[in-house]
Amino acid sequence: MSERFLPISPADLHVLVSGYQSWSEAELRPLTDRQSVPLMPWRHQQGHDPAFLPSGEAGVWRSHTLIALIRPDGGGWVGCALDAASTFTHWEARAAGDGVRVTCTLEGPPVEVAWEETPDVIGSVERLSAELGRRMNARTPAPLRVWCSWYSYYRNVTLDAVLENARLARELDLPFDVFQVDDGFQADLGDWLEPGAHFGGHVQDLPARLAELGFTPGLWLAPFLAAPTSRLFRDHPDWMLRGEDGRPLPVGHNWGGPYFALDTTRPEVLAWLRDLARTVRGWGFPYLKLDFLFGAALPGVRHDPGVGRARAYRNALAALREGAGPDAFLLGCGAPLAASIGWVDAMRTGPDVAPFWEEESRRLWLGDATGPGARNAVHTSLSRWYQHAWYQPDPDVMIARRELSLLGHTERHMLLGLLETVGGLRASSDPLALLDREGLDLLRASLNVSPPDRPRTLTRSFGGAVTHFTRGTFNLLDVPAGGIPPRGYRERGA
Ligand code: 9PG
């Protein structure tokens with residue numbers, strides 16, 4: 001552990017933090033504010049790093065890999081790990097009287113960690129994160145434009161619905177590169193190769209038909225998880241991550257029940273992952289959305305106790321990459337961020353978008369801002385703007401439709417502003433038949449790839465996130481701010 005004391009009043013500082021995985025919060029807040037932590041323990045495993053949780057205390061901010069403290073003049077301090085291959089780097093900034101104590105703790109073998117005082121925090125954050133990306137051989141291919149089935153069909157997706165949208169996209173000449181089937185095609189969590197009862201076919205039959213229409217076929221997997229009801233779990237209970245009691249450890253709660261995670265220090269598990277990726281690639285899916293990846297990095301009892309969490313995680317990613325092939329496009333999701341650099345092509349950098357603004361009670365009463373909604377997605381992905389040096393960022397889908405959505409005009413345009421600011425992947429789940437002229441125009445605009453924007457200041461924020469960019473300003477508040485309506489994005493000079 002290393003420790004520094006900054007002789008500056010906590011009341012004068014903002015802090016920029018980034019949570020552990022895709023869905024964890026990233027924020028820009030006054031240092032004296034309180035960092036929230038979910039009340040419910042199962043949310044710790046599923047949305048955070050249970051080994052290094054948000055503090056829950058006022059004046060104490062925890063961050064993974066990178067932290068910045070910003071003075072009113074825009075200068076300040078930046079800390080950033082320069083390697084994340086086997087080591088998790090944990091930062092804490094703690095108000096301590098009339099100063100701030102910053103500690104850095106490493107979980108794993110020692111690595112080089114940068115710490116600098118700077119006249120320009122924005123520039124230093126970008127330079128150091130780029131250095132981390134360079135050292136870990138970040139993959140940053142051109143952003144793709146993806147239609148994904150999740151955010152309108154959810155688990156009721158069918159083979160016909162995907163094909164129907166692909167046909168319409170071709171007819172309307174929409175510039176999608178990829179058509180990606182999300183959760184709902186499989187027999188069970190872990191039983192990826194057998195069809196689910198409601199999908200209306202085998203997902204294996206889709207690639208040829210999508211390719212005929214000119215789209216790259218994409219498939220969702222949560223490759224490190226197994227449901228208690230799955231064949232994978234029944235056949236290989238010994239493959240699961242265990243608790244101290246020696247029993248398979250429930251590591252989260254979704255799909256109506258608890259689920260388990262694979263112990264990726266077992267050679268036979270790595271072989272199974274390699275085969276899985278090779279099989280679906282062989283079916284014709286060169287684009288894979290790999291979800292709930294945190295499952296391979298959870299604390300627990302492993303077959304090989306000599307392999308640390310970060311290493312166990314990266315070995316598992318390497319196995320998937322090997323099976324899928326060097327030219328496959330891998331999108332990480334629900335994934336420890338920096339630990340994924342070099343293996344994934346793209347990464348979800350925030351919680352799920354949803355066709356509504358937010359579930360405020362969950363955030364404010366339960367202390368959980370990892371839940372789905374437009375607000376949480378915008379808040380977190382904007383505050384990770386610098387991560388385009390680590391992978392192609394995926395701030396999640398545009399929602400252009402007016403039907404099946406509670407978002408208003410201003411909120412839809414904020415989502416467009418998010419995509420244009422982050423500059424990464426473009427995606428939509430809109431059932432294309434629902435889009436009127438205005439919806440189609442908005443969807444087309446959202447598929448226009450743009451270079452990432454940069455913040456113009458970190459000393460102001462309209463809602464606890466990085467909101468002031470060179471090309472425009474976001475207002476995440478429920479009241480007007482800076483002449484921008486609540487929940488609105490305005491281009492500068494507009
Ligand atoms: C499919 C979905 C979609 C979506 C992913 C992911 O923290 N959680 O409980 C939580 C559950 C699901 C979730 C995100 C967070 O959604 O992000 O795009 O693929 O899985 O089930």
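All ligand and atom numbering here is 1-based and tracks the order in the structure. Just the heavy atoms: all of them, side chains too, but no hydrogens, waters or symmetry mates, feed the values below. Throughout, residue positions are numbered sequentially from 1 according to the sequence presented. As the structure is a prediction and not an experimental result, all values here were calculated from the model.
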With a cut-off of 3.5 Å and sequence neighbours excluded, list every side-chain donor-acceptor pair involving residues 331-348.
unit_1: Ser340; atom_1: OG; unit_2: Tyr313; atom_2: OH; d: 2.7
unit_1: Ser340; atom_1: OG; unit_2: Pro336; atom_2: O; d: 2.6
unit_1: Asp345; atom_1: OD1; unit_2: Arg139; atom_2: NE; d: 2.8
unit_1: Asp345; atom_1: OD1; unit_2: Arg139; atom_2: NH2; d: 3.2
unit_1: Asp345; atom_1: OD2; unit_2: Arg321; atom_2: NH2; d: 2.7
unit_1: Asp345; atom_1: OD2; unit_2: Leu330; atom_2: N; d: 2.8
unit_1: Arg348; atom_1: NE; unit_2: Gly350; atom_2: O; d: 3.1
unit_1: Arg348; atom_1: NH1; unit_2: Tyr151; atom_2: OH; d: 3.1
unit_1: Arg348; atom_1: NH2; unit_2: Gly350; atom_2: O; d: 3.4
unit_1: Arg348; atom_1: NH2; unit_2: Asp352; atom_2: OD1; d: 2.3

**OP:** Tell me the residues surrounding ligand 1, counting only those with a heavy atom closer than 4.0 angstrom, sorted by chain and number.
**Re:**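 The answer is Trp23, Arg43, Gln46, Trp150, Tyr151, Asp182, Asp183, Trp220, Asn254, Lys289, Asp291, Phe292, Cys333, Arg348, Asp352, counting any residue whose heavy atom sits under 4.0 Å from ligand 1.
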Subject >> Nearest heavy atoms of Leu232 and Asp191, plus distance in Å >> reply: N-OD1, 3.1 Å
Original post:
Are side-chain heavy atoms of Leu144 and Phe176 found at a separation under 4.5 Å?
Top reply: no
Original post:
Strictly by modelled atom types, are Asn165 and Tyr153 linked by a side-chain donor-acceptor pair under 3.5 Å?
Top reply: yes
**OP:** Classify the ring geometry between Phe52 and His90 as parallel (under 30°), tilted (30 to 60°) or perpendicular (over 60°).
**Re:** parallel
Original post:
Would you say the side-chain atoms of Asp430 pair up with the backbone N or O of Leu432, donor to acceptor, closer than 3.5 Å?
Top reply: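 No, the answer is negative, given that no donor and acceptor are paired below the 3.5 Å cut-off.
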